[in-house]
There are 2 protein chains.
Amino acid sequence: MATMQDVARLARVSVSTVSYVLTGTRPISQATRDKVLAAMAELDYQPNAMARGLASRRSRILGLLLPMDERGLGATETAFVTGAAAAAGAAGYHLVLSPIGVGDLDELRRLASQRMLDGALLMEVQLHDLRVDVLREVGVPLVLIGRTADTTGLSYVDIDFEQTVQEAVGHLVNLGHRRIVYVNHSADTLAEGYGPALRTRDAFTTAMTGHGLEPLMIPAEDSAAGGRAALDTALRQAPDLTAILAMNENAVFGLLGELANRGRSVPDDVSVVSMVTSPQVAELATPALTAMSSPGSAVGRIAIETLLRHLDGGRGEIQQQLLPCALEVRGSSAPPRTADESDTGAGGDQPAPGNEAARRRAATRRRA
Amino acid sequence: MATMQDVARLARVSVSTVSYVLTGTRPISQATRDKVLAAMAELDYQPNAMARGLASRRSRILGLLLPMDERGLGATETAFVTGAAAAAGAAGYHLVLSPIGVGDLDELRRLASQRMLDGALLMEVQLHDLRVDVLREVGVPLVLIGRTADTTGLSYVDIDFEQTVQEAVGHLVNLGHRRIVYVNHSADTLAEGYGPALRTRDAFTTAMTGHGLEPLMIPAEDSAAGGRAALDTALRQAPDLTAILAMNENAVFGLLGELANRGRSVPDDVSVVSMVTSPQVAELATPALTAMSSPGSAVGRIAIETLLRHLDGGRGEIQQQLLPCALEVRGSSAPPRTADESDTGAGGDQPAPGNEAARRRAATRRRA
DNA sequence: ATGAAAGCGCTAACAA
DNA sequence: TTGTTAGCGCTTTCAT
């Protein structure tokens, strides 16, 4: 393993020159730079990360703090991760994912106070997220993917739930639906103040009221069973419902199953729109789900870019951004059977023609 | 940020003594140790990871190399990760996940030759995985989760696909099924030599032949559409099929959807058993899927323990382990409708009574 | 535009 | 059982 000494010797320059070639922190003549670069190439030199970190007091490592529960990472979250990893790599940083949730504060404190992290991205942010406190305490810059309750002084990137709900409701209303039920996360989750659940609830009320319609929300446990129960409740409270908007990616499958059980066809009897859902998941259902698809890797990329700005400038400006979800119409939404006074606006939303989109996307997966 | 100097000064000992207290590499009297520990506590001392790494030439960082495609991490893979993270933490190591697939060899080479990793775990291992070569080249110890084609000199932990298939087939045969179709990964995937697909194919042939039955395998693209197509093929080739064994977690949903479309009820007309599937995913389906559930976090834990042994001893012995999947009977499997000569063995497999298991597991999920 | 040299905070000989 | 000290490989003043 060649060291900087070796490179300097071979190039007949001092170590500091080699260092400056590497870091670019001071002008080097083209001739010298070439010599050094040639020596590096010849020796296959790679700087020692630990030595750099010790001397410069920067590890060039960014942490992505990512709680992993038993349920796995959805395609949406995975896109965040890959986007962040790509952006970090492009900037010469390593992105390490640490499966650290709010339960592992000690592990986080260790990681952070050992000066192992130049900065951190937090995923699965809670309204009162103690990880934020720990990181601030030890002075590690951070950016949230999501939002805490109080975001003063915090940079974040999050999904624009208001826009997402509004567009989803708009789609259904355009199709002619009037009786739309919103299946949210569980009552417990709401009570805990889970941000997305609260924001979408309020946005749903606003959107429906704006259309002169009555907002009806049903909480559902995050499971297929929860979805089945939610459908039962929904049909009891709104027997005339023609459309369901679902925030709960797990429940939506139970919901679809129960609809089938009861002989209600999708989308002829009931339209279903799933929110913040990846194309992959949307197409597991039969028919494939019309969904608001999440902004994906852009979230991760923007978060990293924001974080880097916080490091470089010293005091980067606080940045708070909301990214929209895009409506992707598939087979699960259509005009209600009772096509009454449905003034389907010109250029309004069309139900997907067959399953072409699904077929097109049916790519092969290769792993081993 | 207190340094070791500060601790030594406060405890009135030398820095080396503090260091030895920390590393335990030489005996320290109880009195001294207590003094040092007290000083550490008082100063809230945390060793500087970079300095340790530089001086000791060990980063105490283990890498978990984990390709992330657009599909996300399944619950099964997530369990591997959390198991590994827990085991690494318990041993005083950091586990960093790097979303590095066979496409990012340069990034891997950088990570490895910068001496940032003491060792690595590889997930999503391909039969000819170039990451293995890169790591060996730079001398980073590694353990596979999965298997390459040639495993000589390599330690690995993998799922016992032979046992899994055998048990799944046994379950169906016990229920009285005779005409069982195996829905595998895609033809492309098989052609590429994807290990699990090949191993399960062969195991299926062995198992069926062992029962005096004819093995029929259908490849399916990894998507709902692929599952629908596979069912079509299956019914064409074996109109009298009463059971389906599925390796393809994505296809199985399309398969179920298409069964419903054709008015074939599960499990009355057709039993479905899903392989290497987490409980969470199994219960998204309606009815919940009988499945061979993967060993979960044990895989990750054992892999880390093996890796640590490779570091400590210098030359740890090669270890190759296969872990079994466990049969979990849910609602998707039952005796065939045409209960003919079905000699359901005493104590044989029973279909799940209702959905109690599902309901019990319907825990709340809290995130933000 | 380049070089010399003093650390960065810790580990691990080498001494005692 | 404990202390002294020479690095680990790099960055970054301070000189020139």
Side-chain angles (χ1 to χ4, degrees), chain A residues 1-37 39-40 43-61 92 94 110 112-116 118 138 311-312, chain B residues 1-37 39-40 43-61 92 94 110 113-116 118 138 311-312 314:
Chain A
M1 204 99 296
T3 82
M4 202 173 245
Q5 283 283 0
D6 302 326
V7 175
R9 198 158 21 232
L10 182 59
R12 303 185 171 290
V13 297
S14 72
V15 281
S16 60
T17 298
V18 177
S19 174
Y20 286 118
V21 167
L22 219 52
T23 60
T25 24
R26 95 178 174 189
I28 302 279
S29 75
Q30 192 56 47
T32 329
R33 158 174 285 109
D34 290 344
K35 275 194 305 186
V36 171
L37 257 23
M40 282 183 177
L43 296 175
D44 199 20
Y45 170 75
Q46 283 291 110
N48 180 306
M50 297 294 142
R52 286 191 99 167
L54 177 57
S56 67
R57 266 151 293 243
R58 329 171 86 243
S59 63
R60 304 201 138 259
I61 298 178
H94 293 292
R110 264 203 295 158
S113 30
Q114 292 184 162
R115 313 274 70 172
M116 174 128 255
D118 286 351
V138 298
L311 309 186
D312 289 350
Chain B
M1 204 100 294
T3 81
M4 202 174 244
Q5 284 281 1
D6 302 327
V7 176
R9 199 158 19 232
L10 183 59
R12 306 186 171 289
V13 297
S14 71
V15 281
S16 63
T17 299
V18 177
S19 173
Y20 288 119
V21 167
L22 219 51
T23 61
T25 27
R26 91 176 176 192
I28 301 280
S29 76
Q30 193 55 48
T32 331
R33 157 174 286 109
D34 289 345
K35 274 195 305 185
V36 171
L37 259 21
M40 284 183 175
L43 296 175
D44 200 20
Y45 170 76
Q46 284 290 111
N48 179 306
M50 298 293 142
R52 284 191 100 168
L54 178 56
S56 65
R57 265 154 289 251
R58 327 171 87 244
S59 63
R60 302 200 139 259
I61 298 178
H94 293 292
R110 264 203 295 156
S113 27
Q114 292 184 162
R115 315 271 68 170
M116 172 130 257
D118 285 351
V138 297
L311 310 186
D312 288 349

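When reading the values below, keep in mind they use all heavy atoms of this one structure, side chains included, and skip hydrogens, waters and symmetry mates. Just so it is clear: chains get the letters A, B, ... in the order the sequence lines come, proteins before strands, and each one is counted from 1.
Nucleotide D/dC10 holds its P atom 9 Å from the CG atom of B/L54, rounded to whole Å. Distance, B/R52 CZ to D/dC10 C1': 20 Å, rounded to whole Å. When the P atom of D/dG3 is taken as reference, atom CD1 of B/I28 falls 9 Å away, rounded to whole Å. Distance, B/Q46 CD to C/dC10 P: 10 Å, rounded to whole Å. Look at CG on B/N48: it is 8 Å from C1' on C/dC10, rounded to the nearest Å. Spacing between atom CD of A/Q5 and atom P of D/dG7 amounts to 12 Å, rounded to whole angstrom units.
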query = What's the verdict on side-chain hydrogen bond (donor to acceptor under 3.5 Å, both in side chains) for A/S16 and A/S19, showing C-alpha distance, side-chain angles and the deciding distance?
reply = CA-CA 5 Å; A/S16 60; A/S19 174; over 6 Å; no
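To the nearest 0.5 Å, the span separating OG1 on A/T17 from CZ on A/R26 amounts to 6.0 Å. Between the CE atom in A/M1 and the CZ atom in B/R57 there is a gap of 13.0 Å [rounded to 0.5 Å].
Neither OP1 nor OP2 of C/dC8 sits under 4.0 Å from any side-chain N or O of A/R57.
Shown for residues 13-25 of chain A: residues whose heavy atoms fall under 4.0 angstrom of DNA chain C, namely A/V13, A/S14, A/S16, A/T17.
Remark: the backbone N or O of A/G92 is paired with a side-chain donor or acceptor of A/R60 at under 3.5 angstrom.
Nucleic acid contact class of B/R26 (heavy atoms, under 4.0 Å, all strands): base.
Every residue two or more places apart in sequence or in another chain that forms a salt bridge (charged side-chain N to carboxylate O under 4.0 Å, His left out) with A/D6 is listed here: A/R9.
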